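Worksheet: the structure to be examined is printed underneath.
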Amino acid sequence: MAKDAIELANLPNGTKAYLRLNSIDKILKDKGLDANGSVQAFHTNNVMRRMKKYMPYRTGATIKVMIAQTNIRKPYIILDVPYGKYLYYGKVMVGKPPKTVTDIPLKYTTTKHPLAGPFWDRRLSAAEGAVLARELQRFINRRSG
C-alpha cells in the first residue's frame, strides 16, 4: 500500500482497510477555494460589479479598462491607467512623471454616480462588506451542498 495511506482496520478474514487522505491543497482546489478557483472568481467579479458605484464616472472608460485588465481568477483588481492614482486618492497630481500627490482635493462629478469619491475600495467595504461576505458564503454553500 502507498506510504500516505493509513491503516484503519484488520478484518477477521485477513482483509486490511486503508484510508488515503488528499492534501489540503488538493481539497481546496477541488472545492474551488484556491487562489485561482471558482470562489475567487465569483468574489472578484462581485466586488468589481459593486465597486462601480463608488468609482468616478464620466464616460465609463475607467470602469471598462478596469474590467478588461482584471483577471477574475486572481485575488486583486487592476486599474493601470496614468490617471488612476489621482482618481483613487482624490488628490490633484502635479509634476513630471512620476507625479506627486498634492493636498488639493479633486471635485468628483456625482450626477451619474452619487456615491463616487476617492478610495472606492474602502468605501465599498464600509458600505457593503457584510453583503459581500453573505453573498460569498451563499455561493460556497451552494457549491458544497
Side-chain angles (χ1 to χ4, degrees), residues 1-93 95 97-102 105-106 108-145:
M1 197 74 222
K3 292 179 184 178
D4 58 347
I6 300 168
E7 185 175 330
L8 287 180
N10 272 326
L11 301 176
N13 63 359
T15 303
K16 292 184 178 183
Y18 291 93
L19 174 67
R20 181 179 301 141
L21 300 174
N22 290 329
S23 69
I24 293 173
D25 291 337
K26 179 163 177 26
I27 294 169
L28 291 174
K29 186 174 183 176
D30 291 346
K31 294 293 182 182
L33 295 171
D34 62 330
N36 295 320
S38 59
V39 174
Q40 181 63 59
F42 171 82
H43 185 59
T44 303
N45 198 33
N46 196 22
V47 168
M48 264 197 322
R49 181 178 55 84
R50 289 178 171 275
M51 193 165 52
K52 292 178 200 175
K53 293 187 280 191
Y54 302 95
M55 292 179 71
Y57 187 96
R58 212 173 257 170
T59 64
T62 304
I63 293 169
K64 290 174 187 169
V65 168
M66 176 189 68
I67 292 169
Q69 290 178 341
T70 300
N71 177 355
I72 63 169
R73 295 242 177 234
K74 302 291 181 188
Y76 44 82
I77 294 172
I78 297 172
L79 179 62
D80 188 15
V81 292
Y83 55 87
K85 191 174 183 179
Y86 77 82
L87 279 179
Y88 179 76
Y89 288 109
K91 302 289 183 180
V92 173
M93 305 287 282
K99 294 186 175 196
T100 56
V101 178
T102 66
L106 286 177
Y108 291 97
T109 303
T110 56
T111 53
K112 293 182 181 178
H113 282 169
L115 300 173
F119 303 105
W120 49 78
D121 59 336
R122 297 176 194 172
R123 296 160 70 90
L124 168 66
S125 183
E128 302 183 38
V131 174
L132 286 167
R134 278 195 308 272
E135 288 178 351
L136 185 60
Q137 186 63 56
R138 191 176 318 127
F139 179 80
I140 293 169
N141 291 346
R142 274 193 323 231
R143 283 187 40 84
S144 62

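Heads up: numbering here begins at 1 and tracks the sequence. Small disclaimer: the values here were computed from a predicted structure and weren't measured.
Using a 4.5 Å cut-off on side-chain heavy atoms (C-beta onward), Ile27 and Leu21 make no contact. The shortest side-chain heavy-atom distance between Ile77 and Asp121 does not fall under the 4.5 Å cut-off. At a threshold of 4.5 Å between non-hydrogen side-chain atoms, the residues Val39 and Lys31 do not count as touching. Residues Pro118 and Arg123 form a side-chain contact, since some pair of their non-hydrogen atoms from C-beta on lies under 4.5 Å apart. Considering only heavy atoms from C-beta on, Lys74 stays 4.5 Å or farther from Thr44 through its side chain. At least one side-chain heavy atom of Leu132 sits under 4.5 Å from a side-chain heavy atom of Asn46.
Counting heavy-atom neighbours within 6.0 Å of Lys85 NZ, excluding the residue itself, gives a total of 12 or less. For Tyr88, the OH atom sits in a packed shell: over 12 heavy atoms of surrounding residues, nucleotides or ligands are nearer than 6.0 Å.
Shortest non-hydrogen contact noted between Leu106 and Tyr86 is CD1-O, 3.2 Å. Leu79 and Val65 make their closest contact through CD1-CG1, 4.2 Å (heavy atoms, listed as atom of the first residue, atom of the second, distance). Considering all non-hydrogen atoms of both residues, Trp120 and Tyr54 come closest at CB-O, 3.3 Å. Looking at every heavy atom in both residues, Arg73 comes nearest to Gln40 through O-CG, 3.9 Å. Shortest non-hydrogen contact noted between Gln69 and Asp80 is OE1-N, 2.7 Å. Between Leu87 and Pro56, the shortest heavy-atom contact is CD2-CG, 3.9 Å.
When atom types are taken as modelled, the side chain of Arg50 and the backbone of Glu128 share no donor-acceptor pair closer than 3.5 angstrom. At distances below 3.5 Å, at least one donor-acceptor pair connects side-chain atoms of His113 with backbone N or O atoms of Met55.
With sequence neighbours excluded, the residues forming a ring pair (Phe, Tyr, Trp, His ring centres under 6.0 Å) with Phe42 are Phe139, listed by chain and number.
By the 4.0 Å N-to-carboxylate-O rule, Lys29 lies too far from Asp25 to be salt-bridged with it.
The structure places OH of Tyr57 at 10.5 Å from OG1 of Thr111, a figure rounded to the nearest 0.5 Å. Interatomic distance, Ile140 CD1 to His43 NE2, rounded to the nearest 0.5 Å: 9.5 Å. Rounded to the nearest 0.5 Å, atoms CG (Leu124) and CG (Leu115) are 10.5 Å apart. Of the inter-residue distances, the one linking Ile63 atom CD1 with Lys53 atom NZ reads 12.0 Å to the nearest 0.5 angstrom. For the atom pair OG1 (Thr70) and CE (Met48), the distance works out to 5.0 Å, reported to the nearest 0.5 Å. Separation of atoms CG (Asn45) and OG (Ser38) is listed at 12.5 Å; rounding is to 0.5 Å.
A side-chain donor from one of Asn141 and Gln137 sits under 3.5 Å from a side-chain acceptor of the other.
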Begin from the C-alpha positions of Lys64 and Thr59 and carry the test side chain to side chain contact (heavy atoms under 4.5 Å, CB included) through to its verdict. CA-CA 10 Å; Lys64 290 174 187 169; Thr59 64; over 6 Å; no
